[in-house]
Structure formats: structure tokens, C-alpha cells
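A note on names: the letters A, B, ... follow the listed sequences, proteins ahead of strands, and every chain is numbered from 1.
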There are 2 protein chains.
Amino acid sequence: MNTRQRMQALRRSSVGPIDVANESGIAEVLEHPACVISSGQICEHSLVDRDLNRLLFDYERTVRSRFTRIVEVLKRISMHQHDKDFTERAQQLAHEQLGFDLPSKMFEDAWVCGLDLSALHSHCIFSVLKSCVDNARTEQAGWRQRIPLDENFLRSCGYHTVDISPCSDGRLQGMSPYVLRILPGPNVQVKAYAGALFDIEADVCDWAQREVERLSGAMVDGERLDYLKIAVYHFSSSSHNGDGCAAHGSNDRQATEAALGRLDELREAIDRSFGIGAAPDVLLIGVDTDLDALRIHLPDAYGDVNSHRYIETVKIYRETLGLSAEVARARVAEIIADVENTGGWGQGQGRMNDGMRRLVSALAEANLSQIEYVIKHHTGRYATIGHDEECIVAGDAVRSLKLRNLFYFAHLDTIEEGAPDMDVGIDIFAKLNVAHGLPVPVLVHFEYDARIPESRARAVERGRRVRDAIEARYPDLVAKGLLNCAIAVSERAGDERCDFVADEVAANH
Amino acid sequence: MNTRQRMQALRRSSVGPIDVANESGIAEVLEHPACVISSGQICEHSLVDRDLNRLLFDYERTVRSRFTRIVEVLKRISMHQHDKDFTERAQQLAHEQLGFDLPSKMFEDAWVCGLDLSALHSHCIFSVLKSCVDNARTEQAGWRQRIPLDENFLRSCGYHTVDISPCSDGRLQGMSPYVLRILPGPNVQVKAYAGALFDIEADVCDWAQREVERLSGAMVDGERLDYLKIAVYHFSSSSHNGDGCAAHGSNDRQATEAALGRLDELREAIDRSFGIGAAPDVLLIGVDTDLDALRIHLPDAYGDVNSHRYIETVKIYRETLGLSAEVARARVAEIIADVENTGGWGQGQGRMNDGMRRLVSALAEANLSQIEYVIKHHTGRYATIGHDEECIVAGDAVRSLKLRNLFYFAHLDTIEEGAPDMDVGIDIFAKLNVAHGLPVPVLVHFEYDARIPESRARAVERGRRVRDAIEARYPDLVAKGLLNCAIAVSERAGDERCDFVADEVAANH
């Protein structure tokens with residue numbers, strides 16, 4: 001089996017500053033823009049929370065290793081498939097190495113047609129996802145307590161809800177706790193769309209439902225709080241034309257303008273429907289997925305954002321490295337004030353509101369920790385700057401799963417509307433998996449509200465409908481056994497459960 | 001051509017009390033239950049607005065005759081298709097008889113393959129729909145002024161918005177002005193679903209958006225007003241097992257319980273998400289589509305509805321015929337009070353709130369006019385008690401089109417979610433049209449908000465997406481040229497326009 005793991009191992013062997021082909025075709029070493037790692041400079045910034053970084057890295061390693069073991073275990077199982085005590089041996093291996101049993105019926109016919117490693121691979125991916133969800137409370141407990149931008153902090157900035165739409169790209173799926181250091185919780189919604197092209201009508205609906213809670217007095221301090229919509233585009237500083245946003249043809253400018261366009265449309269839609277001033281605050285953020293560094297676009301006094309008026313956290317890290325925490329923090333404030341006052345290309349008008357400034361300052365400072373995280377715990381730039389996802393998640397976000405390049409996430413209610421997002425995901429997996437004989441595992445996941453009767457049944461029904469629509473859209477993959485869908489549902493406000501709808505994979509394929 | 005018109009003419013020739021096969025297979029005459037028409041009894045009730053009935057009938061005749069002429073004109077055009085001056089003659093006929101030109105290119109190749117009467121038929125249906133919309137303001141002006149349950153009246157009952165979900169069945173598509181005598185306007189939304197099985201999540205979203213307007217103070221008198229959801233099921237008193245609700249296998253009990261179930265689910269969903277008491281008022285209504293007579297289920301003091309506690313307007317008409325307006329009205333109040341006090345099968349608890357009683361009384365009284373309308377202007381029972389629609393409308397309602405059996409209406413955002421509703425419609429048209437060689441005309445129609453930039457473009461995009469999904473769902477019909485879709489959009493708050501998206505039908509087929 002020409003496994004993906006081999007490729008990963010190869011890719012991961014190139015550590016340190018990576019080689020980039022320049023225009024003349026001669027490879028040059030791209031230095032890290034925040035800190036000259038190779039010169040021996042000590043990359044330890046006074047505003048970085050190194051304890052939090054260690055906790056986050058422990059979590060990353062734990063989750064990652066579960067997935068890494070899948071291919072190892074399947075290879076060993078494959079080798080033994082003609083042994084006499086094969087089934088027992090396979091189950092023992094799975095149990096010891098992966099922590100779960102494999103469905104026995106998958107082994108029963110192995111002596112005739114050979115083992116269906118393709119189905120086993122998807123089964124393992126889903127089971128490992130489930131383990132991660134089941135263990136999230138324990139495994140995330142450490143870092144959850146230290147994440148700086150928690151619900152209270154966001155409320156102190158004036159926001160009862162933060163609705164984040166990153167690109168569906170797997171490299172952005174660890175964004176909230178890692179890159180933004182925002183604590184995932186019921187007040188934080190992540191709805192990813194290819195190219196960050198979120199759905200205006202769906203957003204108006206989500207906003208309206210929170211607004212009813214706020215206006216009806218059901219929300220504590222609702223009268224002074226607002227809704228915040230964040231759109232997150234991305235680019236690759238070492239590979240602008242290759243590893244940027246696939247949905248925008250790796251054109252950084254287009255990715256920026258498109259996300260900004262949606263934010264403006266959302267504000268206008270709400271202002272014009274519900275009265276000027278009703279629109280939520282918005283924020284535009286760019287992520288350099290090589291470094292997890294941010295561009296934070298500064299809103300002006302009217303809440304308007306433009307593509308040119310932003311701060312860059314790599315520059316902030318570089319400029320403030322070596323300063324004491326107090327001095328560095330003052331310098332960050334100055335850098336923000338400078339950009340606000342010059343107004344970028346003269347388009348910004350005046351300074352943002354105090355709550356927004358508090359948030360932007362905190363995001364900038366918190367991201368210094370993530371830049372250093374990538375320097376210390378990875379290779380400055382990630383060894384794998386491109387796609388490396390394990391599966392696709394379609395539907396609602398699995399709230400307790402947050403990790404870079406773990407999955408491609410298409411937020412959708414129907415494939416009819418979400419087809420462009422799914423298509424980009426399937427294209428990515430054509431290269432990552434299908435090209436190596438591995439199927440595309442798609443977890444169709446929806447949330448329900450346990451308080452509402454029939455809500456779970458409707459979520460399951462939607463899951464089945466979306467699963468059917470996915471299979472109908474990619475009949476060639478289905479025919480070749482290269483698309484494996486599973487359906488799971490989670491309780492919205494309760495503990496994350498990611499309950500797999502029984503026997504869906506087995507029963508239907 | 002084995003046209004549908006011939007069938008209609010045949011069916012329409014049976015006026016007066018209709019023959020119904022009873023269980024022993026022997027035909028018996030079913031008397032009108034409100035008024036013994038054949039005995040010479042004068043069916044003129046003191047609470048009936050006969051002037052309004054005349055205005056409504058003028059409108060019905062005007063609209064109906066436009067559609068009736070289509071087949072006549074196409075037959076005549078067909079006869080002349082090999083004449084020398086064919087194109088001019090055809091255009092002249094269309095212009096004189098239908099009031100619009102036909103696309104010349106449809107005639108150009110007629111000498112080779114014969115005239116594509118199938119495409120011409122759909123084209124004419126869409127053009128006539130458009131004429132009806134364009135003329136609605138003038139042609140509806142008379143009855144619009146006299147309709148009793150207008151926005152002010154509904155507000156006096158305590159409702160800022162009335163959201164009606166009838167079955168998709170064409171026989172219910174004239175419901176708001178005719179059967180309920182509720183004035184169609186921006187405060188009245190009609191969202192039809194097969195079997196009245198409306199979408200809970202979509203309804204919560206619509207409710208929340210109106211609730212934001214109410215709570216934010218943007219709505220006049222919002223603090224004392226509520227949202228009202230009405231579900232409307234239907235049955236046929238002369239043909240319980242054949243001409244009831246197709247979505248419920250013509251099982252009246254199932255149709256009633258299913259609609260009631262959805263209302264209860266909606267209330268629970270909102271109460272449990274936004275706090276007890278947040279849920280809108282609900283009302284359950286049944287329509288006997290033979291007579292346009294109502295069953296109005298009376299809510300109790302808690303707003304709860306059950307399937308057994310209702311008043312019937314045929315009985316009210318019969319019991320109060322011959323009484324003076326004042327006495328009749330007092331008797332209606334007594335009948336309502338009786339049902340409230342006995343509580344049907346003892347499940348009702350206490351009397352409904354005053355606003356709801358005002359509304360229920362007005363609906364009951366107004367429906368007496370519609371019962372008499374069917375007696376005077378039709379045949380007591382409609383001559384065509386079954387399906388007789390001209391086309392399918394999928395998407396948003398065309399607000400200015402309201403007439404019994406004019407179209408089958410599936411309210412939907414996507415075919416993925418709305419497939420059951422479309423399937424029922426296509427089944428109906430398989431018998432009505434396809435069996436006679438006529439295609440199914442489907443108007444895909446969405447509304448946009450002119451105040452919101454890109455809203456129209458998004459409505460057009462959704463229209464195209466839904467059109468494509470319809471064509472993908474019924475490939476056999478498409479292959480045989482038996483499915484013709486057109487796309488149109490209308491401005492939500494503005495004048496009804498039903499703008500056809502240019503050349504969609506012609507360009508894509």
C-alpha cells in the first residue's frame with residue numbers, strides 16, 4: 001500500500017528554514033520573519049505564555065498520534081491477514097494500539113476477497129475522531145483554563161457572541177484556541193466556508209436568534225453587548241501562488257477582498273432590514289498558514305474595515321522581542337495607534353471603539369504565543385505547509401475538535417447550497433487520499449437541542465439527507481468504494497457527544 | 001392533441017349535487033350540508049357580503065379565462081402550422097386572444113419538425129401568470145378594499161404577522177382572500193408544504209426576524225402584538241378516501257394530527273429556546289375543499305389546540321340561515337362559547353384569549369360568505385373537486401396570485417429539503433398533464449429585498465440552483481421535454497413583479 005504516512009514522514013523530515021524556489025529557479029532559504037532562528041537568537045518573547053503553549057502542544061501530540069497510529073496498525077493487520085489466528089490478532093492490535101475494537105464482520109470475508117482496508121481506514125478515522133471527542137474534557141482541561149480570550153474577556157470587550165467564518169481549509173481548523181487563543185464555548189460559533197464565503201441569509205438568521213435573546217432580556221447584560229462576526233482568510237507566505245486559498249485560486253488579494261465583501265454585505269443586509277445601527281460589529285483577519293501569524297484589519301470609528309489598514313503580528317513579534325512585558329505591551333498599543341491614525345491608505349476614518357481596541361490588542365498579543373508555538377514546537381514554519389487533513393466534516397462544527405490540518409470543514413445545511421464547499425474538499429482529498437488508494441472519510445455532523453422534542457430526530461434526518469446528497473454528487477468515488485460517509489449528531493449546549501448514528505456506514509454500503 | 005381542456009369541459013358539465021359512489025357501489029346524491037339547494041331554499045345568509053363575492057367572482061373569471069384560452073389558441077395555431085402565412089397568423093391569434101406575442105423562433109423550425117406545442121404551452125402558462133401579476137393591482141382593487149380581515153383587523157386581534165402554512169395542494173392556493181377572507185399583504189406570509197408539514201427550523205428563523213423588529217421598537221404597537229402561526233389541513237367531504245390530502249394518503253385524521261403535531265413542535269421549539277411564553281399563538285384550521293367550508297379548532301386558555309375541539313362553518317351557516325345579522329352573529333358567539341365550555345372531548349381547558357376569540361369569530365363569519373360564494377358562483381360543491389392546477393410554483397409564494405386550483409405551491413429553499421413537496425406536485429401533474437402529452441410547467445420563484453445589495457443576485461442564483469436541482473431530480477421528464485422550468489424573482493416589499501430571468505427557458509433547453 002502506497003500510504004500517505006510515508007509521504008508525511010518524508011515531508012516532515014525537512015525541518016528548519018525551508019527551501020523555496022525563487023523566480024530564477026534557484027532554491028533560497030526563507031528566513032522566519034519574526035525571529036532569526038538559525039542565527040541563535042533566542043526566540044522567547046516576554047508576552048508569550050509558554051506554559052499554555054506546552055499544554056496546547058501536549059494536546060496536539062496526543063490527538064495527532066492517535067491518527068498517525070491508524071496507518072501503522074492497518075499495515076500490520078494487512079500483513080497478517082492470511083494467518084490462522086488473524087481476527088484475534090487484528091483485534092488485539094487495534095485494541096492495544098488504537099484503543100477500540102474493529103467490527104468483526106469486516107474480517108469475516110477477508111479470506112475470500114482480501115481485507116477491505118479502505119473501509120477499515122475510514123472506520124478507524126471515525127473511531128479516532130470519536131475518541132478525541134470523548135476524551136476532550138479531560139485532555140483539554142489544562143489549556144482551557146489558561147486560554148486568555150474566554151467568554152468573560154469577550155464580554156468585557158462588548159461581545160455576547162463571536163461568530164467566526166474561516167475558510168473550510170484544514171489549516172484553519174485549530175484557529176480558535178491556537179491561532180486566536182479564543183476559548184471555544186457556547187458563545188463562539190465556527191462556521192467554515194470555502195474561501196470564507198459565508199452565507200448571508202443563514203448569518204442573518206443566526207444573528208436574529210441571538211438578538212431575540214438579547215432584546216427580550218434573557219441575556220445577562222444584553223443591553224450593552226453586541227454580536228461580532230469575524231471572517232478569516234488565509235495565505236502562505238512561502239508559497240503565495242501554491243498553498244494559499246484554493247477557493248480563490250491561491251490569489252491572496254482576491255481572498256482578502258472576497259471575505260471583506262461578505263462582511264460588508266452582511267452589515268448592509270442587517271442595517272437595511274432592521275434599521276441603521278442594527279448590524280453587528282465585524283472584524284477581518286488574515287492568517288499566514290505557514291506561521292499561524294495574523295493580519296488584523298483595524299475597523300474605523302464607523303466599524304468599517306478595508307483591505308489595507310491592518311497590523312501584522314510577525315512584525316510586532318520581531319519589533320518587540322527582547323523588551324519587557326510592560327514595554328512590549330505599550331509598544332503594541334503604539335503600533336495599533338499608528339495604523340489607526342495614519343489610516344492605512346487614507347481610507348480609514350478615525351479610531352475604532354474601545355471594546356474593539358481591547359479585543360484587537362488581546363488578539364495581537366495572544367498570537368505572539370502562537371507564533372512562538374510554531375517556532376518552538378514545530379519548525380518555525382510548519383513542516384507541512386499544505387493540506388494534510390484526515391477527513392472532511394460537513395454540517396455543523398464538532399465543537400470539541402480543534403486542531404490544524406485535522407479535518408476540512410464545510411459548514412452547510414444542504415449539499416445543494418454547500419456544493420462549492422464540498423467540491424473544494426473532495427478535490428483536496430483526491431490528492432491526499434484517493435491518489436494513494438485511500439477513501440475520503442466524510443463525517444456528516446449536525447447539532448440538536450436536547451430541550452426541543454424531535455430536534456435530535458430532525459438532526460439525524462438532515463444527516464441522512466446530506467449523506468445521500470453527498471453520495472449522489474460523487475457517484476464515481478462511491479462506485480469505487482473511495483467515499484465513506486458516517487453520520488453523527490451532538491447536543492448543542494450539552495457535553496459534546498458526536499453520537500454516531502448506528503450502523504449507518506455498515507448498513508448502507 | 002388529447003387536451004386537458006376537453007377533460008375540464010366534461011368535468012364541468014356536471015353541475016348541481018354530485019353523484020358519489022357509496023359503500024354498496026350505488027351512486028347517491030350528496031346534498032349540500034349548509035343549505036338544501038335543490039329544494040328551492042333561498043341560500044342567502046344575512047352575514048354574507050354578496051358585493052364582495054361578486055367582486056371576487058369577477059376576478060376569478062378574469063384570471064381563469066386567461067388560462068382557458070391557452071389551449072383553444074394553441075389548437076387553432078396547431079391547425080394552421082402548415083399554412084403559408086403561418087407565423088403572422090399565429091402571432092395575430094396570440095396577440096388578440098392571449099394579449100402577448102409568442103417568441104418567433106418557436107415558429108421558425110416548425111416546417112421541419114412540426115410545432116413544439118409542448119414548449120409553447122409552458123411558455124403561454126408562464127406568460128399568462130405574468131399578465132395576472134402585472135394586472136393584479138387593477139384587477140384586485142375592488143375586492144381588496146372589502147376584504148374584512150385586513151392588517152388593521154388582525155392587529156386589533158393582537159397579531160402583527162400571520163404566517164399561514166396550508167398544504168401545497170392547489171385547492172388551497174386561493175385560501176387567504178377567498179376561504180379565510182384575510183387580505184394578502186406584507187403582514188401575511190403563505191408558506192405551503194405537502195401535507196402542511198412546515199419546516200420548524202425555517203419557521204423559528206422567520207419568527208425570530210419579526211421578533212427582532214418587535215423587540216427593538218421598530219414595530220408600531222409591538223409591545224402588545226404577537227405572531228400567529230396557522231396550519232391548514234384539508235379533506236373532501238364527498239370523497240374522503242380519494243380527494244383528501246395526497247401527502248397523507250387521503251387520510252383525514254392523519255392530516256389533522258400531523259398539522260397539529262407541527263404546531264405543537266413549533267411552540268415547544270420556541271418556548272424551550274427563548275423562554276416559556278415566547279412561542280407564538282397558533283391556530284389549526286381544516287378546509288373541506290369541496291365547499292371551501294372550515295373547521296376552526298379552538299385554542300384553550302393556554303393556547304393549546306386539539307383535534308376534537310372545533311367549530312364547523314357549514315353547521316353555523318345552516319343553523320343561522322334566515323336569522324337577522326344581529327341574531328345570527330349572537331348565535332355564532334353562542335356556538336363558539338358552547339364548544340369552548342364543553343371543551344370537546346374534555347381536553348380543552350378554559351376559554352381562549354379575547355384577541356383569538358375576535359379572530360376566530362371573524363373567520364367563522366367571513367367563511368359564511370365563501371360558502372355562499374361556492375353555492376352561488378359555482379355549483380354548491382365545486383364541479384372539479386379534485387386537482388386542476390395549471391402549473392407548479394416552487395420557492396417563495398407569488399404574493400399577488402391567489403386562486404383555487406391555479407397552481408400547486410411548494411415553499412422551499414432547496415430541493416434537497418423540499419423534495420417530498422416537489423414529488424407530490426410532480427405526481428399530481430403526471431396525471432393532469434403528462435398523461436395527456438402536456439409538459440409540467442414549473443415556475444421557480446424567489447423574493448428579494450431591493451434595499452439589500454446583492455439580494456436580487458442571490459435570489460436569481462438560488463432560482464438557478466433550484467431549477468438545476470429540479471431538472472436533476474426528474475431526468476426522465478426532462479429527456480422527454482415534459483418538464484419546463486422558468487425562473488422569476490419578485491421584490492419582497494415592493495410592487496409584485498415576478499420578473500422572469502431572461503431567456504432561462506430558451507437558453508438552457
Side-chain angles (χ1 to χ4, degrees), chain A residues 199-202 204-219 222 261-262 264-278 412-420 446 448-455 457-459 461-462 465-466 468-470 472-473 492-493, chain B residues 199-202 204-219 222 261-262 264-278 412-420 446 448-455 457-459 461-462 465-466 468-470 472-473 492-493:
Chain A
D199 181 317
I200 303 288
E201 274 77 22
V204 171
C205 179
D206 288 342
W207 168 84
Q209 297 199 30
R210 293 293 281 160
E211 192 69 357
V212 170
E213 287 179 62
R214 190 181 74 82
L215 291 168
S216 66
M219 190 183 280
R262 283 292 151 113
D264 286 343
E265 276 183 52
L266 177 65
R267 292 172 74 207
E268 284 214 55
I270 293 178
D271 263 350
R272 298 204 181 190
S273 301
F274 300 95
I276 301 296
L412 49 81
D413 282 331
T414 64
I415 294 299
E416 198 169 320
E417 294 161 305
F446 286 102
Y448 66 92
D449 186 333
R451 300 167 303 177
I452 302 175
E454 301 307 317
S455 174
R458 286 198 296 271
E461 189 193 348
R462 182 174 292 280
R465 198 159 60 212
V466 166
D468 293 346
I470 291 173
R473 191 166 178 87
R492 185 167 303 138
Chain B
D199 182 317
I200 303 287
E201 274 76 21
V204 171
C205 178
D206 288 342
W207 168 83
Q209 297 198 31
R210 293 293 280 160
E211 193 68 358
V212 170
E213 288 179 62
R214 190 181 75 82
L215 291 168
S216 66
M219 190 183 281
R262 283 291 152 116
D264 286 343
E265 277 184 51
L266 176 65
R267 290 172 75 207
E268 284 215 54
I270 293 178
D271 263 350
R272 298 204 181 190
S273 301
F274 301 95
I276 303 296
L412 50 81
D413 282 332
T414 63
I415 293 300
E416 199 170 319
E417 294 161 307
F446 286 102
Y448 66 92
D449 187 333
R451 300 166 304 176
I452 302 174
E454 301 308 316
S455 172
R458 286 198 296 271
E461 190 193 346
R462 183 173 291 279
R465 198 158 59 210
V466 167
D468 292 347
I470 292 173
R473 191 165 178 88
R492 185 166 303 141

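- Nearest heavy-atom pair, B:Gln209 versus A:Ala208, reported as atom, atom and distance to 0.1 Å: CG-CB, 3.8 Å.
- The parts of B:Glu417 that come within reach of chain A are both its backbone and its side chain, each placing non-hydrogen atoms under 4.5 angstrom from that chain.
- To the nearest 0.5 Å, atoms SG (B:Cys205) and CD (A:Glu201) are separated by 9.5 Å.
- At least one side-chain heavy atom of B:Ile200 sits less than 4.5 Å from a side-chain heavy atom of A:Arg458.
- Using a 4.5 Å heavy-atom cutoff, the side chains of B:Val466 and A:Glu416 are in contact.
- Ranked by heavy-atom pairs under 4.5 Å with chain A, the first of B:Glu213, B:Glu268, B:Arg465 is B:Arg465.
- When all heavy atoms are compared, the tightest approach of A:Leu215 to B:Val212 is CD1-O, 3.8 Å.
- For B:Arg214, no part sits under 4.5 Å from any heavy atom of chain A, backbone or side chain.
- Heavy atoms of B:Ser273 lying under 4.5 Å from chain A belong to its backbone as well as its side chain.
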